[in-house]
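The shown structure was predicted, so the numbers you read here are calculated from the model rather than taken from an experiment.
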Amino acid sequence: MLSRLQKIATVAVPSATAMLLLASCGSINDSWEVRGGGYLKYSINNEESHTIELHKNDVEPPFYVNNNHSYFYLVTRLEESKKGHQISLMVNRPSTGGHLKPVTRANINGKQEDVTWFMQNGTLSPLIADSSYIHFDEIIKDSLYTAYLELDFKDCRSGYCEDNLPPVHLSGRLRYWIPEDDR
């Protein structure tokens, strides 16, 4: 009887282990590395940390082959922020190893518009370009962009921008994976 239980155990235990391993790997194709997206972890004025999830369509990475545009552009979705924050950010020709200045304004449909801004309390705050930078520390052009952000914005929390107030400082970390189908 004991030998029969041992035989069952020698078959059942490895089979159960294999099934558990397969089940735990079942969501591997659901990861950011495969489906695209990522996150922006940041703090405002060095206070508590916040995270905004990035979906694959929130970011437009450079496409040197298909589109031949050389900018990295992201706009977070308001519903992804528990604090009601939204961030728009554009960088021309992202590269590693230096402090890059974000693009403040761009020609969109024949009109100059702010392209890097921060929204807090429903009010858009424009970028203060002189004291702001992005440092890409990892770029794998077909799959990954990683950067540190140090951005200053005008203080517009009262509903209008106050030039005499200190800037709103946003510092953080960005990671974005290009969807596998777009590589």
Side-chain angles (χ1 to χ4, degrees), residues 23-45 47-96 100-109 111 113-127 129 132-153 156-157 168-183:
S24 68
C25 293
S27 64
I28 199 162
N29 287 335
D30 232 11
S31 68
W32 282 324
E33 292 92 341
V34 175
R35 65 177 162 81
Y39 59 86
L40 175 62
K41 289 182 187 260
Y42 65 98
S43 66
I44 304 296
N45 296 331
E47 293 178 359
E48 68 179 289
S49 180
H50 309 288
T51 301
I52 297 177
E53 299 265 337
L54 299 171
H55 290 249
K56 69 179 186 176
N57 295 330
D58 295 344
V59 176
E60 190 175 328
F63 293 111
Y64 298 105
V65 177
N66 299 341
N67 256 351
N68 200 25
H69 74 69
S70 60
Y71 57 83
F72 181 93
Y73 182 50
L74 79 83
V75 180
T76 65
R77 290 176 299 125
L78 189 57
E79 61 269 15
E80 288 296 328
S81 171
K82 293 177 182 164
K83 293 300 238 178
H85 296 162
Q86 190 174 14
I87 300 164
S88 175
L89 173 67
M90 180 183 274
V91 180
N92 273 329
R93 294 176 191 78
S95 61
T96 58
L100 302 172
K101 293 290 182 189
V103 175
T104 54
R105 297 177 63 79
N107 188 341
I108 299 173
N109 298 326
K111 182 178 164 189
E113 293 187 27
D114 290 329
V115 291
T116 300
W117 46 261
F118 175 62
M119 186 173 74
Q120 189 175 10
N121 300 332
T123 304
L124 293 183
S125 299
L127 180 76
S132 298
Y133 70 87
I134 299 163
H135 175 84
F136 284 94
D137 59 336
E138 184 176 19
I139 296 176
I140 302 171
K141 290 188 189 311
D142 69 339
S143 58
L144 177 66
Y145 285 80
T146 304
Y148 288 100
L149 310 175
E150 294 292 336
L151 307 171
D152 286 330
F153 298 93
C156 302
R157 292 176 285 184
V168 173
H169 182 73
L170 184 146
S171 59
R173 184 86 171 132
L174 163 74
R175 285 186 69 83
Y176 176 75
W177 289 269
I178 296 173
E180 194 172 71
D181 294 342
D182 294 346
R183 295 179 191 163

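- Under the side chain to side chain donor-acceptor pair (under 3.5 Å) criterion, Glu80 pairs with His55, Arg77, sequence neighbours left out.
- Atoms NE2 and CG, on His135 and Leu174 in that order, are 12.5 Å from each other to the nearest 0.5 Å.
- To the nearest 0.5 Å, atom CD of residue Glu113 and atom CZ of residue Arg105 are 8.0 Å apart.
- Residues meeting the side-chain contact (heavy atoms from CB on, under 4.5 Å) test with Thr123, sequence neighbours left out: Cys156.
- Atom CD1 of Ile52 sits about 8.5 Å away from atom CG of Leu78, to the nearest 0.5 Å.
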Working note: Leu127 + Phe153, criterion side-chain contact (heavy atoms from CB on, under 4.5 Å); need CA distance, chi angles, decisive distance, verdict. CA-CA 4 Å; Leu127 180 76; Phe153 298 93; 3.8 Å; yes

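- The shortest side-chain heavy-atom distance between Tyr71 and Pro62 does not fall under the 4.5 Å cut-off.
- Residues satisfying the side chain to side chain donor-acceptor pair (under 3.5 Å) criterion with Glu138, sequence neighbours excluded, are absent altogether.
- Side-chain atoms of Leu151 and Ile134, non-hydrogen and from C-beta on, do get closer than 4.5 Å to each other.
- At a threshold of 4.5 Å between non-hydrogen side-chain atoms, the residues Asp137 and Thr96 do not count as touching.
- The distance from atom CG of Leu149 to atom CG of Leu89, rounded to the nearest 0.5 Å, is 6.0 Å.
- The ring pair (Phe, Tyr, Trp, His ring centres under 6.0 Å) check on Phe136 picks up Phe72, with sequence neighbours excluded.
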Apply side-chain contact (heavy atoms from CB on, under 4.5 Å) to the pair Lys56 and Asp58, showing each step before the final yes or no. CA-CA 6 Å; Lys56 69 179 186 176; Asp58 295 344; over 6 Å; no

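- The shortest distance between side-chain heavy atoms of Thr116 and Ser88 does not fall below 4.5 Å.
- Between Leu40 atom CG and Leu74 atom CG the span is 7.0 Å, to the nearest 0.5 Å.
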Do Val115 and Ile108 pass the side-chain contact (heavy atoms from CB on, under 4.5 Å) test, and can you show the C-alpha distance, the side-chain angles, and the key distance before you say yes or no? CA-CA 9 Å; Val115 291; Ile108 299 173; 3.6 Å; yes

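- What you find for Ala129 and Lys101 is that their closest heavy atoms are O-NZ, 3.3 Å.
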With side-chain contact (heavy atoms from CB on, under 4.5 Å) as the criterion, how do Trp117 and Gln86 come out once you've worked through the C-alpha distance, each side chain's angles and the decisive distance to 0.1 Å? CA-CA 8 Å; Trp117 46 261; Gln86 190 174 14; 3.8 Å; yes

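- Under the 4.5 Å side-chain criterion, counting only non-hydrogen atoms from C-beta, Asp114 is not in contact with Leu124.
- Not one N or O on the side chain of Thr51 forms a donor-acceptor pair closer than 3.5 Å with the backbone of Lys41.
- Scanning all heavy atoms of the two residues, the minimum distance from Asp152 to His169 falls at OD1-ND1, 2.6 Å.
- In this structure the side chain of Phe118 reaches within 4.5 angstrom of the side chain of Val168, judged on heavy atoms.
- Shown here is Lys83, whose NZ atom has no more than 12 heavy atoms of other residues, nucleotides or ligands within 6.0 Å.
- You'll find the side chain of Arg175 reaches within 4.5 Å of the side chain of Leu144, heavy atoms only.
- Between Leu100 atom CG and Ser95 atom OG the span is 5.0 Å, to the nearest 0.5 Å.
- For Tyr42, the side chain to side chain donor-acceptor pair (under 3.5 Å) partners at least two apart in sequence or on another chain are His85.
- With a 4.5 Å cut-off on side-chain heavy atoms, Tyr145 and Ile178 count as touching.
- The side chain to side chain donor-acceptor pair (under 3.5 Å) test applied to Ser81 returns no partner, not counting sequence neighbours.
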